[in-house]
Amino acid sequence: METTRTAATPKETIERILTLARRQLGMDLAFVASIENGLEKVRATEGDAESFGLDGGISIPLEESYCNLMVKGQLSNVVPDTKADERVKNLAVTTSADIGAYVGVPVHLWDGRLYGTLCCLSHAAEPSLDERDARFMQVLAAVIGDQVEYQTLQDERKNMLSDRVQGALSRGVNMVFQPVYDLEQGDVFAYEALARFPVEPYRPPSDWFADAAEVGLGVELELAAIDSALVKVEDLPEGVRLALNVSPLTALSPQFFNLLAPRANRVIIEVTEHERVEDYDALNDALTPLRRLGAWIAIDDVGAGFASLSHILRLAPDIVKLDLSLTRGIAGDPARDALASSLVDFASGIDATIGAEGIETQSELDRLRVLKVRYGQGFHLGVPAALEVPDEHDDDPWAGEDVA
């Protein structure tokens with residue numbers, strides 16, 4: 001079975017480099033340390049760090065450090081036997097850490113700035129160590145410098161994203177509402193709440209939620225959007241529901257239940273299909289109390305993301321929504337038509353109702369109605385906008401049409 005491999009993080013890459021350095025040189029410990037504010041701060045280790053007193057992210061005063069002497073050019077990169085080297089044999093750290101051999105090289109960033117050092121230590125003397133080992137370590141140090149630089153850029157990016165999302169949270173999430181029509185009756189069945197972020201430069205809402213998830217604020221941003229949408233529930237006519245998009249992770253949060261419980265009988269919970277469900281039992285346990293209070297469950301974006309028939313069976317939704325990738329051009333595409341027809345039959349077999357999003361033409365609407373798709377939304381039927389519930393037959397696509 002084919003598996004997907006993800007790129008190693010900078011931390012993982014540095015850990016692998018340390019393993020390679022320690023094993024290649026036959027040493028007891030390899031570590032990377034940064035130099036800042038008069039301290040050598042151990043950032044990552046591989047091997048027996050505890051026996052050298054370098055475990056737990058310790059910081060060492062530079063004046064007590066081999067690496068400080070090496071960086072200043074007062075100590076060679078390779079010390080095969082510390083007890084025989086006049087420069088280090090009398091240092092307190094040589095005795096306290098029981099250092100027998102040392103190899104160290106500086107780690108520089110792309111612009112030449114010194115970041116710190118890459119070092120290997122052994123308790124026993126290692127007479128075979130020589131300048132070839134130092135050159136090998138210098139190659140590894142160059143890669144570590146690149147990884148440190150990359151991690152720094154990633155951290156700066158995450159800080160920027162976090163500030164951006166926090167700004168959106170402080171301003172409040174703007175919500176618009178798109179009508180969802182009952183394609184048999186011709187009237188509005190629900191309104192789907194959609195988040196908007198009117199900040200220049202404009203970015204799609206999906207980018208905002210992806211950024212929020214990346215910096216650990218995804219649930220908070222979703223809950224803020226849901227909270228803003230729920231304010232409008234009482235403005236809806238009796239019997240018209242409010243559809244809310246929610247990721248599986250947010251659905252598991254207690255705050256989600258607390259927000260929806262008072263109005264559960266007026267909402268449709270649309271479980272988005274852009275992230276994998278890790279624990280179906282936990283998700284069903286979170287949704288069941290809301291279903292008992294009257295909430296309906298919909299599987300959004302079927303035909304895209306991680307949607308599958310197994311996924312639908314495990315969540316047992318009330319509504320199965322066809323993704324717009326299936327709706328677009330369905331009137332002239334036999335493959336889309338056949339798949340949509342199969343999904344209509346499948347939904348009927350599990351006592352669910354089929355819906356479709358992304359309806360943009362009359363031909364798409366006509367074909368979906370022929371296929372017995374019950375609910376539909378899209379620009380052809382109504383664009384997302386501030387919630388202004390129309391009078392009966394205002395902008396009704398079926399005004400004057402017999403829909404029986």
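Nothing fancy with the numbering, it's 1 onward along the sequence. Just so it is clear, the structure is predicted and the values come from calculations on it, not from any experiment. In what follows, every heavy atom counts, from backbone to side chain, and hydrogens, waters and symmetry copies are set aside.
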Any luck finding a side-chain donor-acceptor pair between Q362 and H380 under 3.5 Å? yes

Between E222 and S247, does any side-chain donor sit less than 3.5 Å from a side-chain acceptor? yes

Distance-only polar pair, side chains of S128 and E126, donor-acceptor under 3.5 Å: no

Are any of the side-chain heavy atoms of V79 and V103 separated by less than 4.5 Å? no

Under a 3.5 Å cutoff, is there a donor and acceptor pairing between the side chains of N245 and E192? yes

Is it the case that S65 and E40 place a side-chain donor and acceptor less than 3.5 Å from each other? yes

Test your reading of the model: is there a side-chain donor-acceptor pair from R266 to the backbone of L242, 3.5 Å cut-off? no

List, one per line, each side-chain donor-acceptor pair under 3.5 Å for residues 135-151, sequence neighbours excluded.
unit_1, atom_1, unit_2, atom_2, d
E149, OE2, W110, NE1, 3.0
Y150, OH, Q154, NE2, 3.2
Q151, NE2, D155, OD1, 2.9

Do I319 and I354 touch side chain to side chain, with heavy atoms closer than 4.5 Å? no

Please examine the side chains of L118 and L18, heavy atoms only from C-beta on, and report whether any two atoms are closer than 4.5 Å. yes

Validation row: I35, T117 side chains within 4.5 angstrom (heavy atoms): yes

E36 with R43: basic N within carboxylate O range, under 4.0 Å: yes

Shortest non-hydrogen contact between F52 and D48, atoms and distance: CD1-O, 3.3 Å

Do we see a donor-acceptor contact under 3.5 Å between the side chains of S363 and D366? no

Compare every heavy atom of F379 with every heavy atom of P384, then report the nearest pair and how far apart it is. CD-CE1, 3.5 Å

Could you tell me whether the side chain of L29 reaches within less than 4.5 Å of the side chain of L54, counting heavy atoms only? yes

R87 versus L69: any side-chain heavy-atom pair under 4.5 Å? no

Over 60° means perpendicular and under 30° means parallel, so tell me whether F197 and W208 are parallel, tilted or perpendicular. parallel

Would you compute the distance between atom CZ of R336 and atom CZ of R328 and round it to the nearest 0.5 angstrom? 10.0 Å

Looking only at side-chain N and O atoms, does Y102 offer a donor or acceptor that is under 3.5 Å from a partner on S122? no

